[in-house]
Trainee: 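Before we start, here is the structure in question, set down as structure tokens.
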Amino acid sequence: MDFDFSEEQELLRHSLTRFAADRYGLDKRRHYLASELGYSRDNWRLLAELGMLGLTIPEEYGGMGLGEIERYLVMEQFGRCLLTEPYLASAVLAADLLLAADSEAKHVDNWLPRIAAGEAVVAAALAEPEARYERCHVGLRAQADGQAFRLTERKCAVLYAEHADALIVSARSSGGVAAEDGISLFLVPPAAPGLSMRPYRLADGTPVADIIFDNVLVGEDALIGTPGTAYPALSLALDKCDLALSASAIGAMRAIFDATLAYVQTRQQFGRKIGSFQAVQHRLADALVRIEMAESLALRLLAEEPAEGTAHRRLRAGLRALVAETAIEIGHEGIQLHGGMGMTDELDVSHYHKHIMVVRSLFGDPDHHWRRYATLARAA
Amino acid sequence: MDFDFSEEQELLRHSLTRFAADRYGLDKRRHYLASELGYSRDNWRLLAELGMLGLTIPEEYGGMGLGEIERYLVMEQFGRCLLTEPYLASAVLAADLLLAADSEAKHVDNWLPRIAAGEAVVAAALAEPEARYERCHVGLRAQADGQAFRLTERKCAVLYAEHADALIVSARSSGGVAAEDGISLFLVPPAAPGLSMRPYRLADGTPVADIIFDNVLVGEDALIGTPGTAYPALSLALDKCDLALSASAIGAMRAIFDATLAYVQTRQQFGRKIGSFQAVQHRLADALVRIEMAESLALRLLAEEPAEGTAHRRLRAGLRALVAETAIEIGHEGIQLHGGMGMTDELDVSHYHKHIMVVRSLFGDPDHHWRRYATLARAA
Amino acid sequence: MDMGFSDTDKTFQRDVQAFLAQQLTPYLREAMARTPTVFVEQDIALGWQALLQERGWAGYLWPESAGGPGWTPVQRYIFERECAIAGAPGLVGLGLKLAGPVIYTYGTAAQKEHFLPRILSGEHYWCQGYSEAGAGSDLASLTTRAELRGDHYVVNGSKMWTTHAHFANWMFCLARTQEMDRPQQGISFLLIDMDQPAVEVRPVLTLAGDHEVNAVFLDDAHVPVENRVGAEGQGWEIAKFLLENERGGSCFAPILLAQLRRLRELAQGRPDGLGGTLLDQPSFVQKLCALEVQALALEAFELRLLSQLDKGIRPGGKTSIVKLVVADIRQKLDLLKVDAHAHHGLALETHRPLYGRDAGDPVGSIEAELAMPMYLNSRARSIFGGSTEIQRGIIAKQLLNL
Amino acid sequence: MDMGFSDTDKTFQRDVQAFLAQQLTPYLREAMARTPTVFVEQDIALGWQALLQERGWAGYLWPESAGGPGWTPVQRYIFERECAIAGAPGLVGLGLKLAGPVIYTYGTAAQKEHFLPRILSGEHYWCQGYSEAGAGSDLASLTTRAELRGDHYVVNGSKMWTTHAHFANWMFCLARTQEMDRPQQGISFLLIDMDQPAVEVRPVLTLAGDHEVNAVFLDDAHVPVENRVGAEGQGWEIAKFLLENERGGSCFAPILLAQLRRLRELAQGRPDGLGGTLLDQPSFVQKLCALEVQALALEAFELRLLSQLDKGIRPGGKTSIVKLVVADIRQKLDLLKVDAHAHHGLALETHRPLYGRDAGDPVGSIEAELAMPMYLNSRARSIFGGSTEIQRGIIAKQLLNL
């Protein structure tokens, strides 16, 4: 039994700390966000050089073939530095979707090496405005037209869609609107005729877009895997994404907590450090307890015997829910204890909190994950 | 607009304060509870003499014909002194049931004057072990047998059943087990053949009994109202009981709060009064806020234009839920801030808290009332 | 025990309703509904104030002697309540609720004559020079200094969190005119003309990207002695008078209840992804119901305070209860709104305003786009005007004698 | 990153499981399951201890030199975990966990030789004379005095919250042997023979009506000097050593998880009155799920502390985190159990014990009848052994440097 990271894993963490120290900081981050792209191409290249973009991509596709422990470490560091680059979108979600769904290996040879090398950014268009967070709800229709398909309806909040090199789009080729059967994945070029985007930013500055598909024609070669069977792959990729998002939230909440602790040790009110007030001490003690619990549950998921099945998926849903709820509470406490300064754009506390707001709800808010947990617990 | 009680109402409150000062206190209460009856016949007579037992019974039946404002005042004082007598069971619930259900006035002439005079204690046998808190769930069967009925199955937690002079029993004469239609009320003598009791005490010492009906034969004259139509009366009486229970909880939580406030102003730890610790101050401030909100909602219910209908019933359910949740929180804080002493049988804090535990869940716990509120809010 | 208004008050209520039905323009209502900050923009506030002033109602909190309508506490409450229900813009209270009452209570005849009409007309737009970077909750530790030189003070220092200083042409300001033992002593209350080079206003953006508050730097600012309100050193007394006005006597529950009704309607129309609506999700419903019940309780508490005020009993520390509960409900409500819009609730666009011609095409819907900035700005509700921690301390001291 | 035990530890685990399968009697298991107090009754605790001692495991926390099996931290954890899962009675730790380690760490050779075997055999049953009526959380303010008269101390004062003093024949006790400036100074650690008329034990009933704790009055109690542990004035150091043992190094999550599994089963069998079960009520399910997830997190935290202990890193202030979380989960769990039984959960019968021949016919079911007394007694979990407030203070000081 051992809950420490290995030496290699610690080295990985260390290289990311250096990356963040060199390339990040509130002003630099502001600058990246203000660009049209919304992130830094230099950072992206650097991440590719460090091997980060292929971290969990198999070696045969030019990746490092590492697992979720390493991904957790990386995402936690990215949460701490508030990374602006499309790591989660392309190197995590899109890569995982391709690996899980492309049963006929039509696309992995082409796209995974490019994702790993930072040559392509692939975005996954999954969420829909009418779906709330239900994974099985896919209303975008894929109508067979000879050997081709016509895609109609809309997606929302597609991460980094505007400048992506390809979109992975979930679509319904058969079945009712919330059925698990009948979901297909397509690889669609963003410039496809009939496809239009409404780009905007999420609270933490992440560039996203709502996408309208107006009779978008894609060939049979655009299919990822066999038609109508994509749900298990989709769900698996989102399960993994849940851990990545939780890691990022843990990094961000640790950062808020550390900043708040430092602040109460220096900020004076009524002639005393505010950290000397008992009410402040007790609240920070409670905050630490909650952080330790959330982090321990994450480490548990990493340290358990490699497991599949309901119990493991239940734990994942529970982790996402617990981390999301803990993170927003820590964020609220951090802002409150910073007083007015916590409300400004000037300190990083507010930026961390906005990131927490995004990772808290992306692909599912805490209520959604609690319901998933409850369903899986009952099925166990 | 006026949220003050009238002069007459203040006099009523005052007479009860004197009653409590004379007749109550922890040792006296222990003594009443330890008796076989579980309460004091002397107190009961005194309450009858004060007019309390007929407070809301119409004057034509020997009562004072007052309303829910006066009942609120009375129940709040009874919560403050932890009354042991069957006031809620007989003078509130049973009397209200008779008034609401006895559409043919077969029983009110006989029983209401005796309830008001303290000559009879009537108990309502409504709850069932399989019903949880659903009002419409009545599994006790009333099978017609000529002009008579045979009652079979069981009731639970019937307040003051063992020494009651009569039982009002809800039974199903038709319809599915959780249907609103098909419920009838019967007036049953406790000594009826086939009826057996398992008496026990609730957490606050209230005597109750589980009752088994093994083919208990009752005549047609035992029916209260017309067969199968009792649900509206039942539900109305329980709605009114909700306010009475909330009033008692408010009295008890005020008493705990006052005791705790006094305690932290004297109790020393680490060379200071514990009331001087900021964490204690902030928690008590929050407790006061919660109490004021719960009490204000109760006063709102009393002060609103006489209203029926969904909005009013929704408010009642919301009040019961809010008061129940507030009371248990205040109880927990009171025990915690008393430290070990709060855990003992020696101080009244623990006795108040046990009363809160009972009124919190009797005929419905907070979750039940929140669900009722949600259903009524959606119907509005 | 009677929650209804008297017949006279009901007549008054109908007058207010009729006025609102006639005068409140759709544009003003839209601007209010689409304001993600605590205060509405100056043009909206003043536009509404002008319509009220035509009727003589802008100074609705003021006595007749000061130019107000001289309403009773109940009338003021009814007015605020009807405005809230109708969706009228909030009046920015810096002049009407804070500077005005200080001037008509503590000011000289000349000060009253000069300033009061200009507050009502909107010619003077005020900001509040109270907080400083080092003196947030601990107001008395302020360090801004005013030195008397003949017929004027020379003021140096800086103020923080100065709401609408970028719009204001006047600032009322606490400044230290003498060093004394206790920090509360030696403070004076000055009225500063913002239109001088010695006053510099720098924006402080909120976490939602809104420009609502500022830092104000005073570098040898000039204040004629006749612009001091009250005696020298009387500033703390006046400050406390003003703070009680800031915290007290308002009407919050009606607007919360209106927002909760709107949220319930919204939820009824939002799909849950499984063929039902958001009202089929028990966890959402539970939170909504809890907030509704709390808002109903708060309304009753406000009315209790009002009925006491009507009998001449001042609320004192009980306004801290109102402040705590309002902040709590608002913050939870604003989070629930974000959640109601699912992914679209996570959007944070930075263009402003969100009403009128420049509003642009919203993401999802205008309500979705408003959700995140409102939630973010709402975090300030437990910080400004005396933080939650300060309010708890006031309750412990004033109501519990701890 | 590996949560599994080593092969050696897995072998050990199977040994413990086999032992429990053979030796743990249904009666002992039933008694444990039907105990509404924090500690089991003396006869149950000693009955189980005797079975363990036959195997040499009673002193499972002790080194071999003191008569224990000399297990590693991981082995101790595995033992406690398997005992919890199997439903074995808790060992009353006053002798085994508190007095024993103090004696083998600070005691003389004679003290070790005399007391340690008698603790293991159960001949000596201990109670703890720490708290006093005026010194609860503020332990150092104790006023019990021990005056040296030749070869013995004469002890006067009273102790409060003394668990199982009515069963104990020995008490370890903190008493003031000298007046010093700081209250922590001048305290000594004495072992008192309860079998003397100068020692009076009065029951203090809990709010559930259980007799678990007592007040102990010492009126010229006689303590030979050789029954002082450590030097005179070393009491506070020993007290802190003991408190760290009391708080630390145990295994709580497995028993919580076992109880949550049982509660889930129970809920699956409880009708909701509408044709479904309690697992169809989202509000109940939400609370159950939240507790499950918290208990899983706590288990991981405990294992993290254990893996560090295995590397020689002491948990220090982190045991306060465990204590806070355990109390919180237990109290919520025990309330949820009350709620699960609806009306029958409100019953509070006073006859004891609830197992064995005298148990009587339960109200509703034995689990229903246990619910209320367990809930009520469980309120003590945030008070005893250092209240929640004390634990938060420890975390602020030791882990956050505040």
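Throughout, protein chains are lettered first and strands after them, A, B, ... in sequence-line order, and every chain is numbered starting at 1.
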Trainee: For C:T206, is it the side chain, the backbone, both or neither that has a heavy atom under 4.5 Å from a heavy atom of chain A?
Mentor: both
Trainee: State whether the side chain of C:E132 and the backbone N or O of C:T143 hold a donor-acceptor pair below 3.5 Å, judged by distance alone.
Mentor: yes
Trainee: Between A:R267, A:M357, A:E130, A:Q336, who has the most heavy-atom pairs with chain C when the cutoff is under 4.5 Å?
Mentor: A:Q336
Trainee: Checking C:V338 against chain A: side chain, backbone, both or neither under 4.5 Å from a heavy atom?
Mentor: side chain
Trainee: I want to know whether C:H343 and A:Y133 have ring centres closer than 6.0 Å.
Mentor: yes
Trainee: With salt bridge (charged side-chain N to carboxylate O under 4.0 Å, His left out) as the test, pick out the partner of A:D365 among A:R320, A:R132, A:R360.
Mentor: A:R132
Trainee: At a heavy-atom separation under 4.5 Å, does A:I328 approach chain C through its side chain, its backbone, both, or neither?
Mentor: side chain
Trainee: Name the region of C:L278, side chain, backbone, both or neither, that has any atom closer than 4.5 Å to a heavy atom of chain A.
Mentor: side chain
Trainee: Top residue by heavy-atom pair count (under 4.5 Å) with chain A, among C:M372, C:K287, C:R379?
Mentor: C:R379
Trainee: Is C:A368 in contact with chain A via its backbone, its side chain, both, or neither, using a 4.5 Å heavy-atom distance?
Mentor: neither
Trainee: Given the options C:L376, C:I383, C:T388, which has more heavy-atom pairs under 4.5 Å with chain A than any of the others?
Mentor: C:I383
Trainee: Verify whether one side chain among C:T35 and C:E41 offers a donor that lies under 3.5 Å from an acceptor in the other.
Mentor: no
Trainee: Can you give me the closest heavy-atom contact between C:I395 and C:S320, atom names plus distance?
Mentor: CG1-CB, 3.7 Å
Trainee: Between C:A371 and chain A, with a heavy-atom cut-off of 4.5 Å, which part of the residue counts as in contact: side chain, backbone, both or neither?
Mentor: neither
Trainee: For C:D361, which atoms come within 4.5 Å of any heavy atom of chain A: side chain, backbone, both, or neither?
Mentor: both
Trainee: Looking at C:N377, C:V213, C:L335, which has the largest count of heavy-atom pairs under 4.5 Å with chain A?
Mentor: C:L335
Trainee: Is A:R198 in contact with chain C via its backbone, its side chain, both, or neither, using a 4.5 Å heavy-atom distance?
Mentor: side chain
Trainee: Are the ring centres of C:F167 and C:H164 closer than 6.0 Å?
Mentor: yes
Trainee: Under 4.5 Å from any heavy atom of chain C, what part of A:H353 do you find: side chain, backbone, both or neither?
Mentor: side chain
Trainee: Could you check which of C:A140, C:P183, C:A342 has the highest count of heavy-atom pairs closer than 4.5 Å to chain A?
Mentor: C:A342
Trainee: Are the side chain of C:D138 and the backbone of A:F270 linked by a donor-acceptor contact shorter than 3.5 Å?
Mentor: yes
Trainee: Within a strict 4.5 Å, meaning less than it, do heavy atoms of the A:L362 and A:L159 side chains meet?
Mentor: yes
Trainee: If we define contacts as heavy-atom pairs under 4.5 Å, which of A:A131, A:G176, A:C136, A:A178 has the most with chain C?
Mentor: A:A131
Trainee: Cation-pi check for A:Y231 against A:R135: NZ or CZ below 6.0 Å from the six-membered ring centre and within 45 degrees of the axis, yes or no?
Mentor: no
Trainee: Using heavy-atom distances under 4.5 Å, tell me whether C:T350 contacts chain A through its side chain, its backbone, both, or neither.
Mentor: neither
Trainee: Give the member of A:H137, A:E134, A:M341 that has the highest number of heavy-atom pairs under 4.5 Å with chain C.
Mentor: A:E134
Trainee: For the residue pair A:R154 and A:F213, would you count it as a cation-pi contact if the rule is NZ or CZ under 6.0 angstrom from the ring centre and within 45 degrees of the ring axis?
Mentor: no
Trainee: Should the ring pair A:Y160 and A:Y39 be called parallel, tilted or perpendicular, given that the plane angle runs from 0 to 90° and is split at 30 and 60?
Mentor: perpendicular
Trainee: What residue in A:A157, A:G340, A:S350 has the most heavy-atom pairs under 4.5 Å with chain C?
Mentor: A:G340
Trainee: Find the one option among C:G364, C:G275, C:G134 whose heavy-atom pairs under 4.5 Å with chain A are most numerous.
Mentor: C:G134
Trainee: Are C:E212 and C:R352 close enough, and set up right, to give a salt bridge (charged side-chain N to carboxylate O under 4.0 Å, His left out), and what steps lead you there?
Mentor: CA-CA 12 Å; C:E212 187 165 30; C:R352 295 287 184 277; over 6 Å; no
Trainee: So what's closer than 4.5 Å to chain C heavy atoms on A:F363: side chain, backbone, both or neither?
Mentor: both
